[in-house]
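Heads up: the structure comes next, in structure tokens.
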Amino acid sequence: MKHLQQTLFNLYIEIRKFIINIIFLTKNTLLVIMPGCCAFGCSNRSENGFILKVFPTDKVRRALWASKVKRDKWKPTNNSYLCENN
């Protein structure tokens, strides 16, 4: 049973990594953009197995999340992410 759980968990991680990949085709060049955490001093990325969440659209929650970033005069975009550690 434990082996099955580990196998399912590993499959979940691989599927999540695949879904997170954003693929762009530009003039026959394949670019893969992997999101990273926008918090000051944080270098966590989805390709390293960290869970990243996109900023909420609700203004109050978005402001709360932005305060966690700790960057002066910074505003989140629709492509801004925070990792599970922040």
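Since this is a predicted model, take the numbers as computed values, not measurements.
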Considering only distance and modelled atom types, tabulate donor-acceptor pairs under 3.5 Å from the side chains of residues 63-72, sequence neighbours left out.
residue : atom : partner : partner atom : Å
Ser67   : OG   : Leu64   : O            : 2.5
Arg71   : NE   : Cys38   : O            : 2.7
Arg71   : NH2  : Cys38   : O            : 3.2

Name each donor-acceptor pair under 3.5 Å that joins a side chain in residues 49-61 to protein atoms two or more places apart or in another chain, with its distance.
residue : atom : partner : partner atom : Å
Asp58   : OD2  : Val60   : N            : 3.4
Asp58   : OD2  : Arg61   : N            : 3.1

Could you go through Ser80 and Trp74, starting from their C-alpha distance and side-chain angles, then the distance that decides it, and tell me whether this counts as side-chain contact (heavy atoms from CB on, under 4.5 Å)? CA-CA 11 Å; Ser80 299; Trp74 180 86; 3.6 Å; yes
Does the side-chain contact (heavy atoms from CB on, under 4.5 Å) test come out yes or no for Ser43 and Cys37, once each step is laid out? CA-CA 6 Å; Ser43 60; Cys37 183; over 6 Å; no
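Cluster partners of Leu4, using a side-chain heavy-atom cutoff of under 4.5 Å among ILVMFWY residues and allowing indirect links, are Leu8.
Around atom CG of Asn78, no more than 12 heavy atoms belonging to other residues, nucleotides or ligands sit under 6.0 Å away.
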